Amino acid sequence: MNGELFQLIALACDVNAALAGNKLRVAPDHAAYRFCRSISFVTLEENPSGEWQESIVAATPDLWIESLFEERAVGAALTLGPRDDEPLAERIATAFAGGGGDWALEIELPGNIRQKWIARWEAGERHASDDKIWRVTYGCIDTSPGPPHQPPDLAAASDELERALVAIRSFAKRQGHLDNFIDTFETALKCLAAPPGRPAYPLDSYMQILAPRAANLLQAAECAWVFGGMGSWNDMGFEGAADIEYQRVSDDLYVAINGAILAAVNNSLGPKA
């Protein structure tokens with residue numbers, strides 16, 4: 001998956017782990033963070049002339065998490081909405097920086113108050129010797145009341161992802177030259193089928209806050225993500241009925257993966273199922 005979404009997933013889990021009492025803090029060398037020169041957090045404030053200015057809240061993820069303790073935050077959740085200004089299909093656009101759906105990180109505060117944070121990624125030193133290319137700024141764009149958090153339906157999300165994987169695997173097998181993608185889909189199905197408490201693969205550090213079923217679901221979603229640029233599942237074309245089926249199973253998988261990510265990550269907020 002793209003780096004923006006990967007970092008949102010890790011950050012949401014890291015926030016919930018910290019608020020739940022886990023002393024593990026954000027690891028700068030983790031894959032979700034290590035290509036970033038800086039990750040800061042700001043609010044927007046209107047000055048007397050009517051212009052909006054950024055006001056720094058925290059210069060690092062750890063300092064931001066400390067500020068959430070001061071605000072008595074309940075937890076973090078991901079949200080996803082459509083991006084109306086996106087000219088490409090979302091599963092195609094997600095291969096590009098800033099492309100895809102309108103993902104955001106939502107912080108739940110006491111009294112059912114929600115803070116909505118979105119990320120701005122800017123390329124800095126493109127040829128940095130340590131590969132720290134990106135400067136990321138998370139901005140709080142809204143603070144308003146919201147409905148109480150509802151536990152996600154992990155079973156429904158898992159069933160939807162399984163159906164999409166079975167359908168796209170069947171399509172890939174009938175094409176006769178897509179063995180690498182078939183292996184990917186079968187590995188994702190293996191993650192879904194892993195017994196609770198026995199994940200198919202060792203859990204990454206940010207997954208430690210997740211319940212076993214949610215961890216299996218997130219592993220499957222990450223594995224099943226085949227949408228990228230050159231050489232990816234998106235970089236193919238078919239003719240006639242095969243192309244119609246290709247578009248359908250691809251779109252269905254993309255939607256199912258997003259639903260799985262939301263269900264798995266948001267299970268880390270509140271009681272674990």
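Bear in mind that the values here come from a model prediction, so they are computed numbers and not experimental data.
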field: Backbone of Ala76 reached by a side-chain donor or acceptor of Asn16 within 3.5 Å
entry: yes
task: Answer yes when Glu106 and Lys116 have at least one side-chain N-carboxylate O distance shorter than 4.0 Å, and no when they do not.
output: no
message: What verdict does the side-chain contact (heavy atoms from CB on, under 4.5 Å) test give for Glu122 and Val136, after you've listed the backbone C-alpha separation in whole Å, the side-chain angles of each residue and the deciding distance to 0.1 Å?
response: CA-CA 6 Å; Glu122 299 171 298; Val136 185; over 6 Å; no
message: Within the structure provided, determine whether Cys13 and Ile209 are in side-chain contact (heavy-atom separation under 4.5 Å).
response: yes
query: How many angstroms lie between atom CG of Asn234 and atom CD1 of Ile92, to the nearest 0.5 angstrom?
result: 3.5 Å
field: Residue Arg174 excluded, over 12 heavy atoms near CZ under 6.0 Å
entry: yes
query: How are the rings of Phe41 and Tyr138 set relative to one another: parallel (under 30°), tilted (30 to 60°) or perpendicular (over 60°)?
result: parallel
message: Within 45 degrees of the ring normal and closer than 6.0 Å to the centroid, is that where the cationic atom of Arg91 sits relative to Tyr246?
response: yes
- prompt: Can you name the closest pair of heavy atoms from Ala12 and Leu105 and give their distance?
  reply: CB-CD1, 3.6 Å
- request: Walk me through it: do Glu186 and Lys173 pass the test salt bridge (charged side-chain N to carboxylate O under 4.0 Å, His left out)?
  value: CA-CA 11 Å; Glu186 290 182 345; Lys173 284 183 175 180; 3.8 Å; yes
query: Any donor-acceptor pair under 3.5 Å linking the side chain of Tyr33 with the backbone of Leu11?
result: yes
Point-to-point distance, once rounded to the nearest 0.5 Å, from CG of Leu78 to CD1 of Ile261: 8.5 Å
Sub-4.5 Å side-chain heavy-atom contact between Cys36 and Ile39: yes
task: Name all residues meeting the side-chain contact (heavy atoms from CB on, under 4.5 Å) criterion together with Ile244; count only those two or more places apart in sequence or in a different chain, and write none if there are none.
output: none
message: Under a 3.5 Å distance rule, please check whether Gln7 uses its side chain to pair with a backbone N or O of Ala32 as donor and acceptor.
response: yes
message: For a quick test of reading the model, state the closest non-hydrogen atom pair linking Ala263 to Leu154 and the distance between them.
response: O-CD2, 3.5 Å
query: Does Ser250 use its side chain to pair, donor to acceptor, with the backbone of Gln247 at less than 3.5 Å?
result: no
message: A side-chain contact here means heavy atoms from C-beta on lying under 4.5 Å apart; do Cys140 and Val42 qualify?
response: no
message: For a 4.5 angstrom cut-off between non-hydrogen side-chain atoms, does Val57 reach Trp64?
response: yes
- request: Please check if the side chain of Ser170 supplies one atom and the backbone of Ala167 the other of a donor-acceptor pair under 3.5 Å.
  value: no
Smallest separation among heavy atoms of Leu217 and Ala157, with atom names: CD2-CB, 3.9 Å
- prompt: Regarding Glu108 and Gln115, is there a side-chain donor-to-acceptor distance under 3.5 Å anywhere?
  reply: no
Side-chain heavy-atom pair Ser158, Leu192 within 4.5 angstrom cut-off: yes
- request: Determine the interplanar angle of the Phe185 and Trp233 rings, folded into 0 to 90°, and report it as parallel if under 30°, tilted if 30 to 60°, perpendicular if over 60°.
  value: perpendicular
- prompt: Under 4.0 Å between a Lys/Arg side-chain N and an Asp/Glu carboxylate O for Glu4 and Arg120?
  reply: no
task: Determine, stepwise, if the pair Asp62 / Thr60 fulfils side chain to side chain donor-acceptor pair (under 3.5 Å).
output: CA-CA 5 Å; Asp62 278 340; Thr60 69; 5.6 Å; no
query: Taking Gln175 for the side chain and Phe171 for the main chain, is one N or O donor matched with an acceptor at less than 3.5 Å?
result: yes
- request: Indicate yes or no for a side-chain donor-acceptor contact from Thr187 to the backbone of Asp183 under 3.5 Å, with no hydrogens or angles considered.
  value: yes
- line: Value for CD (Glu160) from CD1 (Ile257), rounded to nearest 0.5 Å, stands at 10.5 Å
Euclidean distance, Ile141 CD1 relative to Leu44 CG, rounded to 0.5 Å: 8.5 Å
message: Looking at every heavy atom in both Met1 and Ile9, which two are closest together, and how far apart are they?
response: SD-CD1, 3.6 Å
message: Within the supplied structure, the quantity of interest is the number of heavy atoms (other residues, nucleotides, ligands) at a distance under 6.0 Å from Lys132 NZ; does it exceed 12?
response: yes
- request: Indicate the atoms forming the closest heavy-atom contact of Cys223 with Thr184, along with that distance.
  value: O-CG2, 3.2 Å
query: Between CG of Leu189 and CG of Leu165, what distance do you get to the nearest 0.5 Å?
result: 4.5 Å
- request: Ignoring hydrogens and angles, tell me if any N or O in the side chain of Asn112 forms a donor-acceptor pair with the backbone of Pro145 under 3.5 Å.
  value: no
message: How long is the straight-line distance from CZ of Phe6 back to CG of Asn2, given to the nearest 0.5 Å?
response: 11.0 Å
- prompt: Is there a donor-acceptor pair closer than 3.5 Å between any side-chain N or O of Asp235 and the backbone N or O of Gly231?
  reply: yes
message: Quick check: closest heavy atoms across Phe35 and Asp131, and the distance to 0.1 Å?
response: CD2-O, 3.4 Å
task: Could you check if a side-chain atom of Leu218 sits within less than 4.5 angstrom of a side-chain atom of Asn267, using non-hydrogen atoms only?
output: no
